Asker: 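Right, I'll just put the structure down here and ask away after.
All of these numbers come straight from a predicted model, not from anything done at the bench.
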Amino acid sequence: GLIMARERGTNEQRLSSILETVPDIIYRLNARGKITFVNDAVKKYGYSIQELVGTSILDIVHPEDKERATNRVNERRTGDRSTKSLEIRLFTKKHALDQSEVVSKSVENDTTFLITAEGLYDSETPNTKGFMGTQGIARDVTELKLAEERIKQQTEFLNLVLESLPHPFYVIDAFDYTIKLANS
């Protein structure tokens with residue numbers, strides 16, 4: 001008994017250490033969508049664990065994304081697990097405190113997360129009656145979204161430049177002699 005208790009204590013310490021150091025937000029919600037567990041990763045977004053536990057996850061979801069988030073929560077509530085991940089914007093504490101301001105449409109002012117979640121049920125068969133909540137991981141993909149936006153803008157600019165050239169322009173691959181870029 002003593003050895004098993006010591007092993008259990010060691011395993012709990014290891015798990016706790018992982019939860020404290022992983023950069024992604026790991027969370028658990030009850031059946032009503034209230035946060036019951038969240039790891040230390042929320043601190044870099046201005047929140048303390050204590051202030052988030054007991055609040056609705058929808059309180060920190062960007063208004064334009066609330067309907068999609070609600071639909072995904074309801075999918076899990078009914079036992080439908082078709083949606084495994086969802087890209088959604090969450091307010092950092094700074095934004096959450098200033099929700100009365102007009103929300104900017106610019107991707108640069110939003111914190112975008114890729115949420116990977118699953119429903120928790122009291123049996124192997126997911127169903128509405130047995131729905132106990134949701135658990136998941138929220139990964140900050142804001143920098144990725146900004147990079148994608150910059151690439152899109154640069155591509156559009158390059159296409160404009162190429163289209164404005166008065167003479168034919170080609171970029172040919174020196175290895176296989178294929179045309180990589182052309183304006184005609």
Side-chain angles (χ1 to χ4, degrees), residues 12-122 126 128 130-156:
E12 287 172 6
Q13 286 173 337
R14 286 182 187 142
L15 179 60
S16 178
S17 175
I18 290 168
L19 291 173
E20 287 173 15
T21 57
V22 72
D24 299 331
I25 296 172
I26 299 172
Y27 67 92
R28 187 171 272 186
L29 311 175
N30 67 16
R32 296 182 316 281
K34 302 270 187 200
I35 299 168
T36 59
F37 169 83
V38 67
N39 69 337
D40 284 350
V42 297
K43 292 177 181 174
K44 70 181 161 212
Y45 301 100
Y47 294 106
S48 71
I49 292 169
Q50 294 77 12
E51 70 186 307
L52 286 181
V53 170
T55 63
S56 170
I57 189 69
L58 294 174
D59 289 347
I60 61 170
V61 172
H62 190 290
E64 292 174 12
D65 294 346
K66 274 190 183 176
E67 187 178 340
R68 285 187 316 130
T70 303
N71 290 343
R72 298 309 180 265
V73 169
N74 287 338
E75 271 183 2
R76 290 187 190 88
R77 185 171 282 124
T78 61
D80 178 2
R81 293 196 260 189
S82 61
T83 305
K84 291 286 185 199
S85 61
L86 170 70
E87 204 171 90
I88 204 159
R89 291 165 292 173
L90 299 178
F91 283 118
T92 60
K93 176 108 179 246
K94 177 183 174 295
H95 282 123
L97 294 173
D98 300 332
Q99 279 192 51
S100 57
E101 291 180 10
V102 176
V103 176
S104 168
K105 293 209 183 277
S106 166
V107 70
E108 292 184 36
N109 294 329
D110 296 327
T111 306
T112 306
F113 289 87
L114 179 64
I115 310 283
T116 306
E118 65 177 352
L120 301 169
Y121 306 91
D122 65 2
T128 303
F131 180 69
M132 295 172 16
T134 304
Q135 66 184 8
I137 297 172
R139 173 164 289 170
D140 189 338
V141 293
T142 308
E143 290 301 316
L144 179 63
K145 298 299 289 178
L146 288 171
E148 287 173 355
E149 185 65 26
R150 283 188 206 106
I151 290 169
K152 182 180 164 203
Q153 289 170 355
Q154 289 173 352
T155 303
E156 288 170 1

Asker: If I compare all heavy atoms of His62 with all of Phe91, which pair ends up nearest, and what's the gap?
Answerer: CA-CE1, 3.9 Å
Asker: Identify the two heavy atoms, one from Ile88 and one from Arg68, that lie closest to each other, and give their separation to 0.1 Å.
Answerer: CA-NH2, 4.2 Å
Asker: If you count the non-hydrogen atoms of other residues, nucleotides and ligands that lie under 6.0 Å from CD in Glu156, is the total more than 12?
Answerer: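 Count over threshold, so yes.
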Asker: Using a 4.5 Å cut-off on heavy atoms from C-beta on, say whether the side chain of Tyr47 contacts that of Ile60.
Answerer: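 The answer is yes, as the side chains (C-beta and beyond) meet within the 4.5 Å cut-off.
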Asker: Within the structure provided, determine whether Val141 and Thr112 are in side-chain contact (heavy-atom separation under 4.5 Å).
Answerer: yes
Asker: Under the side chain to side chain donor-acceptor pair (under 3.5 Å) test, which residues partner Asn39, sequence neighbours left out?
Answerer: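 If we apply the side chain to side chain donor-acceptor pair (under 3.5 Å) test to Asn39, skipping adjacent residues, there are no hits.
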Asker: Quick one: pull up CG in Leu52 and CD1 in Ile57 and give me the separation to the nearest 0.5 Å.
Answerer: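 Spacing of CG (Leu52) from CD1 (Ile57) equals 7.5 Å.
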Asker: Report the distance from atom CZ of Arg89 to atom NZ of Lys66, rounding to the nearest 0.5 Å.
Answerer: 12.0 Å
Asker: Can you sort out the partners of Leu58 under side-chain contact (heavy atoms from CB on, under 4.5 Å), two or more places apart, ordered by chain and number?
Answerer: Ser56, Val61, Ala69, Thr70
Asker: Once you round to the nearest 0.5 Å, how far does CG of Leu29 lie from OG1 of Thr55?
Answerer: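 Interatomic distance, Leu29 CG to Thr55 OG1, rounded to 0.5 Å: 9.5 Å.
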Asker: If a pair satisfies salt bridge (Lys or Arg N to Asp or Glu O under 4.0 Å) and one of its residues is in residues 24-39, list it, with sequence neighbours excluded.
Answerer: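 Those involving residues 24-39 are Asp24-Arg139.
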Asker: Working to the nearest 0.5 angstrom, can you tell me the gap between Thr116 OG1 and Ile137 CD1?
Answerer: 6.5 Å
Asker: Nearest 0.5 Å, what's the CD1-CD1 distance between Ile115 and Ile25?
Answerer: 7.5 Å
Asker: Report the distance from atom CD of Glu149 to atom CD of Gln154, rounding to the nearest 0.5 Å.
Answerer: 11.0 Å
Asker: Looking at residues at least two apart in the chain, or sitting in another chain, which of them share a salt bridge (charged side-chain N to carboxylate O under 4.0 Å, His left out) with Asp140?
Answerer: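 For Asp140, no residue satisfies salt bridge (charged side-chain N to carboxylate O under 4.0 Å, His left out) once neighbours in sequence are set aside.
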Asker: Who are the ring pair (Phe, Tyr, Trp, His ring centres under 6.0 Å) partners of Phe113, not counting sequence neighbours?
Answerer: Tyr45
Asker: Please enumerate all residues that pass side-chain contact (heavy atoms from CB on, under 4.5 Å) together with Asp40, with sequence neighbours excluded.
Answerer: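 In terms of side-chain contact (heavy atoms from CB on, under 4.5 Å), with neighbours along the sequence ignored, Asp40 is linked to Glu20, Lys43, Ile49.
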Asker: Which atoms form the tightest heavy-atom contact between Ala41 and Pro23, and what is the distance?
Answerer: CB-O, 3.6 Å
